[in-house]
Amino acid sequence: MAVLIYAENWEGKFKKLTFELASYGAQLASMIQTQLVAVSIGEVADEELLKLGNYGVSKVISLNHPQLQSFDSRQITRAIAQVAEQVEASALVLSANNSGKALAPRLAVRLKAGIASGVNQLPTSISPFVVSKKVFSGGAFASLTINTTVKILTLLQNSMELKEQIVSCTIERFEPTLDGGLTSPKVLESHKHAGKILLSDAEIVVSGGRGMKSADNWAPLLELAELLNAATACSRPISDEGWRPHDEHTGQTGKIIAPNLYIAIGISGATQHIAGVSSSKCIVAINNDKSAPIFESAQYGIVGDAAKVLPKLIDALKVIKNK
Amino acid sequence: MNILVCISNVPDTTVRIKLADNGATIDNTGIQWIINPWDELALTRALELRDDPSSGVKQVSVAHVGLVGAEPTIRKALAIGADNAYRVNCDPADAFQTAACLASIVKNASFDLILCGIESSDYNGSNVGGMLAEMLDWVSVSGVSFLKVENGSITVNREIDGGRETLQVQSPCVCVVQKGIAKEPRIAAMRGIMQARTKTIAVSEWNGAESLTTVASYQPPKARPSCKFFDADSPEKLLEALQNEAKVI
Ligand SMILES: Cc1cc2nc3c(=O)[nH]c(=O)nc-3n(C[C@H](O)[C@H](O)[C@H](O)COP(=O)(O)OP(=O)(O)OC[C@H]3O[C@@H](n4cnc5c(N)ncnc54)[C@H](O)[C@@H]3O)c2cc1C
Ligand SMILES: Nc1ncnc2c1ncn2[C@@H]1O[C@H](COP(=O)(O)O)[C@@H](O)[C@H]1O
């Protein structure tokens, strides 16, 4: 028996979310009283793989196969399912990011496993297996019972504290059996947003809405973000208008994020916007309308004109940083 | 080429969810039901392709797993322009059951491309599309933000962490679509509404597919503590609170 996590890598390196996954997996494994195993696909140096041992992973199963080089969810599913069967995984945990969302449902069918997606906490009970998840885009929570022997969970990014737990960790190679006759989608072109803090990875996010008035007013928002080492985001009308790139749009129809701090500037707080940010640990709102709905979701607020508040906030922040 | 768009029927996204029977169920009274926003955009894109002769797309169908009460939503999809519709008469308990019902429709028809939304706004599962693909043993691409079909050849953009890829995909395949797939949802015109009345909804009975999960109970979201306000002229107070109280900077 084991808890198995999918330790995704980006050009051979793990990210914070990989260790969040391990931290979650380790606690789940101790609830089920079993070991934590990770599966890694592609070329990752042993030194990197062994970092998982700092977060409770006692075995890393590493596989590298020419057919797994491009991300074909059908083939990768087969490979991970074979690993799950070999280690007799009773639970599989993936990140609720793009690749986790692509793989988890396919794995669920392959392993005949019930799935709880987008969880942000440990199960409340193991037998029966009950875990809470957000439904209606944050309008309610559901206690979901998974009735199958194998369970699959996808974990929201930034919802789990890293928990260091150093264990002795071994690496095992695995040769998956893949169907050579299957054609994978062909990558024609690949484009990376270089040098930006990814919205999904960011611990602090500074976000602007229509109250910013025009695309030309974004400089102070960007400066604030830089000072805070934050990613930038926006409400939907802002990306629709082309004031900011589409990948910054948060909300029900954009990105769903859960940073530690979300600063909403000139955003009214429509339900569809809140749906994307309601899991943030702390929301700060700056809005000139005291009755704006955003203040119902915010922990801290400033009622005022963004154009005046932002420079003052930036100055105050510089003072703190220089201390 | 024939496209199938899977549509789910969800409460209007502005509605405040109320629980009933001590959290055993959701109170459905007064809820307005709509096509899941993603599915509406997927349908819009599928229709744009059908209406473009160079795409090679001949027919756009929609499928829904649900009870007869969802037919107004299906009719709406027909009014927007779908050619025909399928409904499996089953009140699905989870994504697995939904996908299995959809698979039964697909196995008895000839679709080349299936579009699903990235998530339904009710259960926020993000599961049906991938499950359906695995049940059919088809290729699936998720995070699709752009879809082009030319003479039956499919090109998509897929969003990945920190970037984007352009892929050429062979049919049959399932695309799970997200932001970007279409600009604005297409709106039903009067003529479409009239025509929708005569289009067929093929109803099939539940095929016995099981569900793997059950909702034990619902809880309202945790009430957030009320907002603490700071004066616009002293933002340092706010920063202090963020440092020492919330401990987030
Ligand atoms: C199906 C559907 C899906 C949607 N999905 C999303 C989504 O994913 N994300 C999203 O964001 N929206 C989404 N929307 C749109 C959403 O309903 C709102 O229209 C949108 O979020 C409003 O954006 P906003 O807050 O920037 O603008 P507004 O609602 O116009 O709010 C601007 C705010 O700025 C304040 N303001 C004005 N001037 C100033 C100033 N000088 N200083 C400070 N504050 C000022 C105002 O008081 C106001 O509160 C969706 C809508 C639908 C129907
Ligand atoms: N009851 C349903 N009938 C048909 N399609 C559905 C149904 N539920 C979900 N889908 C499809 O699956 C997508 C993802 O839904 P979900 O996995 O429930 O988040 C939706 O956007 C729809 O395309």
Side-chain angles (χ1 to χ4, degrees), chain A residues 73-74 77 97-98 101-102 105-106 108-110 114-115 117-118 130 134-148 183 185-193 198 200 228 246 252-254 260-261 271-272 281-282 295 297-304 309 312-313 316-317 320, chain B residues 11 13-14 16-17 19 26 37 95-96 121-127 129-131 133-135 139-143 155 159-170 179-180 212-221 224-225 227-230 232-233 235-236 238-239 241-242 246 248-249:
Chain A
S73 50
R74 177 161 62 164
T77 294
N97 65 350
N98 291 315
K101 282 183 190 165
R106 296 200 73 125
V109 171
R110 198 120 195 128
I115 188 167
S117 40
V130 184
K134 195 164 84 169
V135 289
F136 298 99
S137 306
F141 283 78
S143 293
L144 197 71
T145 311
I146 304 183
N147 302 314
T148 47
T183 36
K186 198 168 116 203
V187 181
L188 303 176
E189 210 183 297
S190 173
H191 169 88
K192 293 247 153 63
H193 313 304
L198 289 187
S200 48
L228 289 168
H246 281 289
Q252 187 173 22
T253 46
N260 295 341
L261 173 60
T271 50
Q272 296 99 346
K281 286 181 197 89
C282 176
F295 289 121
S297 304
Q299 189 176 345
Y300 301 118
I302 290 182
V303 179
V309 176
K312 287 185 195 153
L313 191 59
L317 189 58
I320 296 187
Chain B
T13 55
T14 54
R16 223 175 249 272
I17 295 301
L19 306 182
I26 300 291
F96 190 85
S121 64
D122 48 4
Y123 290 98
N124 308 127
S126 250
N127 287 325
M131 286 182 172
E134 186 66 29
M135 286 171 183
V139 161
S140 60
V141 186
S142 54
T155 310
E159 300 298 315
I160 52 173
D161 280 354
R164 174 185 322 120
E165 283 176 347
T166 304
L167 305 176
Q168 183 156 34
V169 197
Q170 230 142 42
K179 180 179 161 75
L212 307 182
T213 58
T214 38
V215 174
S217 64
Y218 294 95
Q219 296 85 37
R224 288 207 177 241
C227 185
K228 208 166 173 177
F229 286 97
F230 295 93
D233 289 320
E236 65 280 357
L238 167 65
L239 294 174
L242 292 176
V248 287
I249 60 169

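Chain identifiers are assigned alphabetically (A, B, ...) following the order of the sequence lines, protein sequences preceding nucleic acid strands; residue numbering begins at 1 within each chain.
- Looking at A/Lys101 and B/Ser142, their side chains never come closer than 4.5 Å, going by heavy atoms from C-beta outward.
- Looking at every heavy atom in both residues, B/Ala232 comes nearest to A/Lys312 through O-CD, 3.8 Å.
- Contacts between A/Gln272 and chain B at a heavy-atom distance below 4.5 Å involve the side chain alone, from C-beta outward.
- Under the side-chain contact (heavy atoms from CB on, under 4.5 Å) criterion, A/Thr183 pairs with B/Gln170, not counting sequence neighbours.
- Checked against a 6.0 Å centroid threshold, the rings of A/Tyr300 and B/Phe229 do not count as neighbours.
- With sequence neighbours excluded, the residues forming a salt bridge (Lys or Arg N to Asp or Glu O under 4.0 Å) with A/Lys192 are A/Glu11, listed by chain and number.
- Of the residues considered (A/Ile115, A/Val303, A/Val130, A/Val309), A/Ile115 shows the highest number of contacts with chain B, using heavy-atom pairs under 4.5 Å.
- Here the CG-CG distance, from A/Leu144 to B/Leu212, works out to 10.5 Å after rounding to the nearest 0.5 Å.
- Side-chain N or O atoms of A/Thr271 include none that pairs as donor or acceptor with a backbone N or O of B/Thr14 at under 3.5 Å.
- Chain B forms the most heavy-atom pairs under 4.5 Å with one residue out of A/Ser143, A/Ala316, A/Ser297, and that residue is A/Ser143.
- Of the two parts of A/Leu228, only the side chain, counted from C-beta on, holds a non-hydrogen atom closer than 4.5 Å to a non-hydrogen atom of chain B.
- Residues B/Glu134 and A/Pro105 form no side-chain contact, since every pair of their non-hydrogen atoms from C-beta on lies 4.5 Å or further apart.
- The backbone N or O of B/Ser140 lies less than 3.5 Å from a partner atom in the side chain of A/Ser73, making a donor-acceptor pair.
- Here the side chains of A/Val187 and B/Leu167 are in contact, with some heavy-atom distance below 4.5 Å.
- Residues B/Lys179 and A/Thr253 have side chains not in contact (no heavy-atom distance under 4.5 Å, counting atoms from C-beta outward).
- Side-chain atoms of B/Thr13 and A/Ser137, non-hydrogen and from C-beta on, never get closer than 4.5 Å to each other.
- Residue B/Ile160 holds its CD1 atom at 11.0 Å from CG of A/Asn97, rounded to the nearest 0.5 Å.
- Contact of B/Phe96 with chain A is made through the side chain alone, with heavy-atom distances under 4.5 Å.
- Of the atoms belonging to B/Arg164, heavy atoms from both backbone and side chain fall under 4.5 Å from chain A.
- In this structure, the portions of A/Leu317 lying under 4.5 Å from any heavy atom of chain B include both its backbone and its side chain.
- The two residues B/Leu19 and A/Ala140 come nearest to each other via the heavy atoms CD2-CB, 4.4 Å.
- Here the shortest heavy-atom pairing between B/Pro220 and A/Phe141 reads O-CD1, 4.4 Å.
- At a 4.5 Å heavy-atom cutoff, the contact between A/Leu188 and chain B is made by backbone and side-chain atoms alike.
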